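These notes are about the structure you will find just below.
Computed from a predicted structure; not experimentally measured.
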Amino acid sequence: MTIWVTNYIIKWSLRLCCRRFPWKRSSISVLASIKDSSLSRNGFTNGFWGGRLYQSRLSGTLSTTRFYSYGEKDNDDLKDSNSLTTDNSLSTDELNKTSSEQRQRTSPFLELLRGCNSPSDVLDLTSKYAPTNRQVSQCLSHMWFSTKKLSDEQQRYELQLMFEHPEFENLLQRVTRSIQYMHNKDVAYSLLSVINLGVAQRSRVIQTLLRTCQERLNDFDEKALSILASALERMKASQNVDALKEGMRLVVEGRLPEIQNVLALQTMMRLLGRDAPRELKQKLERKALSMTDQFSLPNAQHMVFTMATVGFHSKPLLKFCSDKIKDNLHHIPFNILYKILQSYKELLYRDTNLLTSISDHVASTFDIWTNKQLVFFLCAFKDRLFCPTSLMERYAEKVIANPDALTLKDLLSVLTVYSSLNYDLQHQRPAFLDSLSHALISYLPTMSGLELLKAAHYLCGMNHFPSALLEQLLSSSTQEQLASASFTKSKERMFQRVDICLRLDRPPLPQPLIVPPSVLGNPTPNPSVNPLLSKSLQSVVADQANATLQEMLVVENFYVIDGVVTKPLPNQPCVTETSSMSPAESSQRIAVIYTPNSSFCFGTSHPRGPLALQIRHLKILGYAPVLVTEQLLQSSSEEEMTDKMRGLIFPEHASEAQPQVES
């Protein structure tokens, strides 16, 4: 009995000694200046998980809000040691003992962990079996992965159960106590997991993880750095986060010459982010171009995603990746292909050959794609201002064959694409528009005022006027519904287009329809003069005795014409006081319109929806539209531009003919 008491006293004495001499941290050269300011007294709230933060993930607050370690004393303790001064703290000997004992049963624990389907299941498991230092990180990762595929509502419910689980507090305490024994990758994974699970960024567990990452940063390999970058991307700016990001940039820049692996290079690019200096981005570009012979298809895809993530536009690198992707389209699934198109949109990069190849590939494998996927493809092409002719032809046939299969959202998306790109349906036009109108009318009872307005706006732009749809849009009930909501400039603009289409196209409707003036706002545009175009027009008209110029003319209180040149018709006698022919009948009005590159489908001279509508209406009003492109004004000298303008407006006096205006 006496021996047992003696051993018990010695054991507890050793525990107290371990607590009074906390583990010592080693400094690193890269972060010498950062470490001093890594944790301020006001740097974070002293809770292991922080109850206030969860409001960002849950619609309501938790019934109980738990915070730990209030007061200045605990902040100082955290600065000096990673061990916690709580009654439940384990000594270094006990942690090592636990790790050694459980090393024999790692596999059974992991098998049980794989069987957990929710964070609460993982917490139940940790309450029965104490995880090792590494298994603590694996538990946190599994808790996050188990919620990723849930719906938003299910995810909120599971996370609320997790926060209310009594074992969650103990697990986070275990993380903070065990962190000194974790591998670098496990530290990074732990930080990423607790951030994704919604633990408060200012809580003690996250700040301890951040501080540990700062201290070990020089020892992090590419994998650990990549995980850490993912975690920091999800965190708000703070003293510790900013310091760690700056330290990571120094580490990455120092390791750049040593990189021999494409994936490691992409990781480094992602770590540097959008705020990297231009000189460093150029170094990364040169390094990547020197390694293109190592690029596999996944490398090319991931390089495009990485460049979009960090906002890094390199035409040579994008061209190489585009060619690699174009040659392997049959091996790329929908989600990757769609993400590539989205990345090119973010990078403001368009490759005609690649876009055409993707369009032709989707059209040739049309039957393997779902309707939702096809609509996503069409919208992605529309966002790039590219008209996928082969795909749009196939999809028009699909709509004609079975219009009732389209949801209301699909219908509005299809209308947006075909109207915006001004696709020439040719002989399919009547059947296609009738099919869309038929499907839309079936949704009339459930359509909101905004959906009615969008549908009417796009159909009128395509010179199609379904009476039932227009009557419901212009009814008093719909007008009241739209008036009760915020009336934005975009809504006014759509009503203005519907109004001018009804006035100028004059469709044969059962009863005349008029757009109420109250929804039109002030349609009168406020045009600005283009100095280059104005000077060129004046020079051209000055050489012609019978021509007159009128600049910045607003017609129908809607369209702006940069210049109207009035000239006699060819082979017509001059109008005199004794002539029976009016000046309007004997003259021609040329409407000169400045058109930026975005007014055309990419890579073509085919006008998009708004420009096509303007051309159609100007022709109805008796004008002959002449388009002066942005490229013409910017790529020519003043003399060359005047000669080209003369060829456009007076082709009978110049060798250059006006390019055909597609309507």
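- Shown here is Ile514, whose CD1 atom has no more than 12 heavy atoms of other residues, nucleotides or ligands within 6.0 Å.
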Donor-acceptor pairs under 3.5 angstrom involving side-chain atoms of residues 464-474: please list them, not counting sequence neighbours.
residue : atom : partner : partner atom : Å
His464  : NE2  : Ser437  : OG           : 2.9
Gln472  : NE2  : Leu444  : O            : 3.0

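- The main-chain N or O of Met291 is never found under 3.5 Å from a side-chain atom of Gln294 such that the two would form a donor-acceptor pair.
- Here the straight-line distance linking atom CG of Leu613 with atom NE2 of His457 works out to 8.0 Å at 0.5 Å rounding.
- The aromatic rings of Tyr344 and Tyr349 sit tilted, their planes meeting at an angle between 30° and 60°.
- Across every non-hydrogen atom of Pro531 and Val529, the tightest pair is CD-O, 3.3 Å.
- Within the 3.5 Å criterion, the main-chain N or O of Arg493 finds no donor-acceptor partner in the side chain of Arg497.
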Checklist line | Chi angles and distances behind the side chain to side chain contact (heavy atoms under 4.5 Å, CB included) call for Met645, Leu533 | finding: CA-CA 9 Å; Met645 290 283 293; Leu533 179 58; 3.5 Å; yes

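- Side chains of Asn463 and Arg429 form a contact here, defined as non-hydrogen atoms less than 4.5 Å apart.
- In terms of the ring-ring contact (aromatic ring centres under 6.0 Å, His included) criterion, His331 has no residue partners (sequence neighbours excluded).
- Atom CZ of Arg503 has more than 12 heavy atoms from other residues, nucleotides or ligands within 6.0 Å.
- Taking all atoms of both residues into account, the shortest heavy-atom contact from Leu341 to Leu355 is CD2-CD2, 3.8 Å.
- For the pair Lys148 and Asn196, the minimum side-chain heavy-atom distance is 4.5 Å or more.
- One N or O on the side chain of Arg608 and one on the backbone of Ser598 form a donor-acceptor pair closer than 3.5 Å.
- Rounded to the nearest 0.5 Å, atoms OG (Ser413) and CG (Leu374) are 12.5 Å apart.
- Remark: Phe312 pairs with no residue by the ring-ring contact (aromatic ring centres under 6.0 Å, His included) rule, at least two apart or across chains.
- Across Met462 and Leu415, no two heavy atoms sit closer than the pair SD-CD2, 4.4 Å.
- Proximity of His438 to Ile441: side-chain heavy atoms (C-beta onward) are nowhere separated by under 4.5 Å.
- Formation of a donor-acceptor pair under 3.5 Å by the Asn422 side chain with backbone atoms of Ala612 is not found in this model.
- Take His617 and apply the side-chain hydrogen bond (donor to acceptor under 3.5 Å, both in side chains) test, not counting sequence neighbours, and it matches Asp505, Tyr559.
- Residues passing the ring-ring contact (aromatic ring centres under 6.0 Å, His included) test with Phe381, sequence neighbours excluded: Phe386.
- Considering every non-hydrogen atom in both Ile561 and Val592, the closest pair reads CG2-O, 3.7 Å.
- Side-chain contact between Met552 and Asp562 is present, with heavy atoms from C-beta onward closer than 4.5 Å.
- Aromatic ring centres of Tyr418 and Tyr458: separated by at least 6.0 Å.
- Between the side chain of Thr446 and the backbone N or O of Tyr443 there is at least one donor-acceptor pair closer than 3.5 Å.
- The structure places OG1 of Thr267 at 7.0 Å from CD of Glu222, a figure rounded to the nearest 0.5 Å.
- Proximity of a side-chain donor or acceptor of Ser226 to a complementary backbone N or O of Lys223 within less than 3.5 Å is not detected.
- Thr389 approaches Ser359 most closely through the heavy-atom pair N-OG, 4.3 Å.
- The shortest distance between side-chain heavy atoms of Ser343 and Met307 does not fall below 4.5 Å.
- Of the possible donor and acceptor atoms, none in the side chain of Glu551 sits under 3.5 Å from a partner among the backbone N and O of Gly563.
- One N or O on the side chain of Thr147 and one on the backbone of Trp144 form a donor-acceptor pair closer than 3.5 Å.
- Every residue was checked against the side-chain hydrogen bond (donor to acceptor under 3.5 Å, both in side chains) condition with Ser357, not counting sequence neighbours, and none meets it.
- Heavy atoms of other residues, nucleotides or ligands lying less than 6.0 angstrom from CD of Glu346 number more than 12.
- The shortest distance between side-chain heavy atoms of Lys324 and Gln301 does not fall below 4.5 Å.
- Heavy atoms of other residues, nucleotides or ligands lying less than 6.0 angstrom from NZ of Lys382 number more than 12.
- The side-chain hydrogen bond (donor to acceptor under 3.5 Å, both in side chains) search around Ser477 returns Ser475, not counting sequence neighbours.
- Between Gln266 and Thr306 the shortest heavy-atom distance is O-CG2, 3.7 Å.
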Check: For Leu633 and Thr629, what are the C-alpha separation, side-chain angles and deciding distance, and is it a side chain to side chain contact (heavy atoms under 4.5 Å, CB included)?
Finding: CA-CA 7 Å; Leu633 291 184; Thr629 63; over 6 Å; no

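- A side-chain donor-acceptor contact under 3.5 Å links Ser364 to the backbone of His361.
- To the nearest 0.5 Å, the span separating SG on Cys601 from CZ on Arg384 amounts to 13.0 Å.
- Under the salt bridge (charged side-chain N to carboxylate O under 4.0 Å, His left out) criterion, the residue pairs touching residues 279-302 are Glu253-Lys283, with sequence neighbours excluded.
- In Lys339, the NZ atom is not crowded: 12 or fewer heavy atoms of neighbouring residues, nucleotides or ligands sit closer than 6.0 Å.
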Enumerate, atom names and distances included, each donor-acceptor pair closer than 3.5 Å involving a side-chain atom of residues 394-402, sequence neighbours excluded.
residue : atom : partner : partner atom : Å
Arg394  : NH1  : Ala363  : O            : 3.1
Tyr395  : OH   : Asn371  : OD1          : 2.8

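- Arg270 pairs by the salt bridge (charged side-chain N to carboxylate O under 4.0 Å, His left out) definition with Glu233, not counting sequence neighbours.
- With values rounded to the nearest 0.5 angstrom, Ser322 atom OG is found 13.5 Å from Arg350 atom CZ.
- Here Asp410 pairs with nothing under the salt bridge (charged side-chain N to carboxylate O under 4.0 Å, His left out) rule; sequence neighbours left out.
- Tyr423 meets the side-chain hydrogen bond (donor to acceptor under 3.5 Å, both in side chains) test with no other residue; sequence neighbours excluded.
- Put simply, the side chain of Cys387 does not reach to within 4.5 Å of the side chain of Thr604, judged on heavy atoms.
- Checked by atom type and distance alone, the side chain of Thr356 never pairs as donor or acceptor with a backbone atom of Asn353 at under 3.5 Å.
- In this structure, Leu317 CG and Lys319 NZ are separated by 12.5 Å, a value rounded to the nearest 0.5 Å.
- By the 30° and 60° cut-offs, the orientation of the rings of Phe376 relative to Tyr338 is tilted.
- When side chains are defined from C-beta on, Lys491 counts as touching Leu450, because their heavy atoms get closer than 4.5 Å.
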Next item on the list: Apply the test side-chain hydrogen bond (donor to acceptor under 3.5 Å, both in side chains) to residues Asn299 and Ser296: give CA-CA distance (whole Å), side-chain angles for both, the deciding distance (0.1 Å), then the verdict.
Entry: CA-CA 5 Å; Asn299 289 147; Ser296 63; 3.0 Å; yes

